[in-house]
Structures are given as structure tokens and as C-alpha cells.
There are 2 protein chains.
Amino acid sequence: MSSVTVIRGDSAPRMRAEDRRELVLEAATAVFGERGYVGATTDAVAKAAGVSQPYVVRMFGTKEALFLAVLERALQRLLDTFRTAIASPGSAEDLNHRIGVAYVDLLSDRGLLLSLMHAFVSGADPVIGRAARRGFLQVYRVLRHEGGFDPEEARSFLAGGMLLNTLVGIRMADDYDDPDARELIDSVAPTKAEFLVRISRTPR
Amino acid sequence: MSSVTVIRGDSAPRMRAEDRRELVLEAATAVFGERGYVGATTDAVAKAAGVSQPYVVRMFGTKEALFLAVLERALQRLLDTFRTAIASPGSAEDLNHRIGVAYVDLLSDRGLLLSLMHAFVSGADPVIGRAARRGFLQVYRVLRHEGGFDPEEARSFLAGGMLLNTLVGIRMADDYDDPDARELIDSVAPTKAEFLVRISRTPR
DNA sequence: GTCTATAGGGCGATAGAC
DNA sequence: GTCTATCGCCCTATAGAC
């Protein structure tokens, strides 16, 4: 088996094309998460991955196809995480908490959930909108039909997830010294607030 | 892909500049809600308002200033709606429901909540991010300090609102014939599902 | 106050060398 | 497989007439 280690930089040794593709997808996830589909440029993705801009386009055909690949990869990670939490030992009553913790941990992959959020507000785009709806429904189905959530449990879990994503997207942790902001963040992720602030605060 | 209606035709009578400004803000709210801050063009706003593109820029200085004006107007409407619901007669236990109904009714102003959502995922932009955080916190404060919500009630209400916004942004109503999509929409807006579908489905 | 014309810059995509 | 060079479009903003 080949190593998955990421080697980056102009002086890095040649790497397999497949690895380079994964490297570009990682970089693209970060850039799309930060600036959104329209705001992200293929040049920014290229610079973040250490390759040339035309090569990024060559690899995926179009910027839209690249974004769809980012979404597909993000969705698979999300579903994998949920399925792992569902299969992990523990009582059924505890499942909600286990999935919730797993979800917050996903945030450490900066850009992953934010790329999904950007897709979720792009329903007006026919291609991206269709992919976004399909992905969202797939998450709902895993909760309902594999996790055993009833409709209200699934709704409540997704609602909390959307609020969490929104607080990360809006960089609410930047205002953590505001008492109301602090109270809100603490109520959203009681056992993970410090973690949340650390990974989602804008670097100073 | 744009379905933004032209509010005023070329042959419309002359109107006061102040009214024209409000007209442009209305059009901009719809366009920004549909395409987001980066994806929206000042030309699309101009066409939707029936004025020339340079005039739109002239009126607000920059596209960014226009978007900030749209956000400010949307936030004021949101806060007004909440305060009206808080002041309306009814038991304290019922307030959550009254504000929720008022919130769903706000969705009939297509673009208003979606423009806010686009701002909420733009925390990485220094100017827009700051405005978005300030607006979000203002909503939280009204719920907590004027509506008498405790932290958990406020969190839960905001979470439901974010999920609702997401379902509208993703155009989930387009999949209303899917059993899972239908179940999800019904659980989010039990008494308003039909209304929600009507106003948020993509025109065929 | 509102328009037409256009400058100026950025970005996705293509061509073609190596 | 990967790069450099560049085309052509689109979009914001400015200039200036009416």
C-alpha cells in the first residue's frame, strides 16, 4: 500500500497523480469553505496546493466539477463519521450525544462543513443545488434509517448542527469575550466550547 | 437561473429618490438572497430594479456598501417582527410559538432571510463578517433580554431557525415528493409546511 | 438625479511546450 | 503529468453628458 503522507512545497519530490489529486481536494476544501463557491478562485486553490492554476482546471475539467468533488468528499467523511458513531458501543439513549461529539470533532477539518454550508445556501444553482439537496437528504436518511432517530430527534439534531455550522461560519468565536456570545457558544457546545473557540477563531 | 422579478418598467412614472432607493434595496435583497454577495452582480440588481447599473453603484458607493445596507434593512425587519410578537397578547409559554410563526411569515419576503444566511457564512470577510456577527448577536439579545428566553430556549429557537433557513436556501421543497424530504419539511414547520413549500419551491 | 460609454482588473479556460 | 503564456469574458467603478 502506498503512503498517504502529504508532501508539499516546490522542492517536494514528485508524487503520484492520485495523491496530488487528493492534495488539491484538501486545499480546495479549505478555500471553498473560506470564500464560498463563487468567491473562491482556482488560483487560490492552486497556490494552496502548490500547483499551477491551469493544472487545477485540467485535473477536474471545470471549477464547478472541482466544487462537486469537494462536496462529494466532504459528504462521505460526514457519513462515515456518523456511521462509525452509530456502530460504536453505547446505549441507544446515548447515541445522540455520541454523534454530536463526532460532529463537533469533524470541525477540526477546517472547511469541510463550511463547504457544505456554502452549498446549502446555493439551492438556486441547478447543478450545485441538486447535489446539495441529495447530500442533505442522505444525511437525514442515515440518521432516520440507520441511527434509529425518530423524525423529531433527527430534526432537532440537524437544527443543532446548522446552528453550530452557522456560528463557525460567522466566526462567532472572535467575539468570545462578549458575554452573550460566550453564553451562546457555551450552550451550543457545552463540553466542547473551548475546542470550538480554538479551531474556529480567526487567527490574529 | 435568475427568477428575480422586475419591479418597475421603463415606462413607470418618475418617483422620489428616496422611494427609488427603497426600490433598489428591495431588488438587491432578492438578488443577494438568490446568488449571495459575491455571486450577485450590480447589473442584476439594476435590471431587477429597472435602473442603470452605474446608478446602483452611485447610490450606495460600492457593492459592499449596498450589501451592508441590505443586511441592515433585513435585520431591522427581523427585530421588528420579533418585538411585535413579544408585545402581542398571549401567555409566556406561548411566546416561542408566536415568534416561530412570525419568523416563518418573514420568509414570504423572499431573499430577506437568505441574504442574512449568506452573510452568516461570510465570517472570513472582515467587513461583512463583523456586520453579520453584530446582527446575529442582536437577535440573540432580543430573545434573551426582551423575550425572556433562557439560554437553552434561545439556542433551541435559533437552531430551528437556522435549519429552516437552510431548507429554504437549499430549495428542499423542490423534493417535496420525496417521502424523507416531506417528513423533514413537515417536522420543521408542522403548521406551515404547505406555506413553506409554496414560497420556497423553485418556479417551474 | 439618471443615463451611456468605457476604463481597468480579475478570473476561468485553452494552447502548446517539455 | 505539469508548466508558462495568454485569450476573452465579465464585472465594478469612473467619466461625463443631459
Side-chain angles (χ1 to χ4, degrees), chain A residues 2 6-28 31-32 34-70 118 122 124-125 127-128, chain B residues 1-2 4 6-28 31-32 34-70 118 122 124-125 127-128:
Chain A
S2 72
V6 167
I7 301 170
R8 214 217 111 192
D10 289 344
S11 60
R14 211 167 188 71
M15 61 197 319
R16 298 201 357 249
E18 192 183 331
D19 293 342
R20 185 138 291 184
R21 187 188 160 93
E22 172 62 19
L23 185 66
V24 170
L25 277 177
E26 247 178 72
V31 174
F32 280 126
E34 190 107 337
R35 309 196 202 171
Y37 170 57
V38 195
T41 66
T42 55
D43 191 53
V45 172
K47 282 189 167 57
V51 299
S52 71
Q53 178 268 331
Y55 186 41
V56 170
V57 175
R58 262 294 170 92
M59 242 186 288
F60 294 89
T62 62
K63 175 179 161 179
E64 182 179 73
L66 170 60
F67 188 57
L68 291 176
V70 164
H118 280 288
S122 304
D125 182 298
V127 177
I128 293 168
Chain B
M1 142 182 151
S2 145
V4 176
V6 172
I7 295 173
R8 187 215 139 213
D10 287 343
S11 59
R14 210 166 188 72
M15 61 197 319
R16 300 206 346 257
E18 194 182 329
D19 293 342
R20 185 140 291 183
R21 188 187 159 93
E22 171 62 19
L23 185 66
V24 170
L25 278 176
E26 245 177 73
V31 174
F32 281 126
E34 190 109 336
R35 310 197 201 170
Y37 169 57
V38 195
T41 65
T42 54
D43 192 52
V45 172
K47 283 191 167 58
V51 299
S52 72
Q53 179 268 330
Y55 187 40
V56 170
V57 175
R58 263 294 171 89
M59 243 186 288
F60 294 89
T62 63
K63 174 179 162 178
E64 184 181 70
L66 170 60
F67 188 56
L68 291 176
V70 164
H118 280 288
S122 303
D125 181 299
V127 177
I128 293 168

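Computed from a prediction, not measured in an experiment: that's the story for all the values here.
For the pair A:L23 CG and D:dG1 C1', the computed distance is 15 Å after rounding to whole Å. Going from atom NZ of B:K47 over to atom P of D:dC10 covers 12 Å, rounded to whole Å. Rounded to whole Å, the distance from CG on A:D19 to C1' on D:dG1 is 14 Å. Here C:dA13 presents its P atom at 14 Å from CZ of A:F67, a figure rounded to the nearest Å. In this entry the distance linking CZ of A:R35 with P of C:dG12 reads 10 Å, nearest Å. Summarising the geometry, the separation between CE on B:M59 and P on D:dT14 is reported as 15 Å, rounded to the nearest angstrom. The interatomic distance linking B:K63 (NZ) with C:dG10 (P) rounds to 15 Å, in whole Å.
From A:R58, atom CZ reaches atom OG1 of A:T42 across 13.5 Å, with rounding to the nearest 0.5 Å. Taken to the nearest 0.5 Å, the CZ atom of A:R35 stands 5.5 Å off from the OG1 atom of A:T41. Distance check: B:H118 NE2 to A:H118 NE2 gives 10.0 Å after rounding to the nearest 0.5 Å. Taking CD of A:E18 as the reference point, atom CD of A:E22 lies at 9.0 Å (rounded to 0.5 Å).
When distances run from any side-chain atom of B:P54 to the nucleotides C:dT4, D:dG16, C:dA15, the shortest one goes to C:dT4. The side chain of B:V57 sits closest to D:dA13 out of D:dA13, C:dT14, D:dC11. Distance from the side chain of B:Q53 is smallest for D:dA13 among the nucleotides C:dC3, D:dA13, C:dT14. Set against D:dC3, C:dA13, C:dC3, the side chain of A:S52 has D:dC3 as its closest nucleotide. Among the nucleotides D:dG16, C:dA13, D:dT12, the one closest to any side-chain atom of A:T62 is C:dA13.
Annotation: cation-pi geometry not satisfied between A:K63 and A:F32 (NZ/CZ under 6.0 angstrom from ring centroid, within 45° of ring axis).
When the nearest nucleotides of DNA chain C are assigned to A:R58 and A:D43 by heavy-atom distance, the more 5′-ward of the two goes with A:D43.
Nucleic acid contact class of B:A40 (heavy atoms, under 4.0 Å, all strands): sugar-phosphate only.
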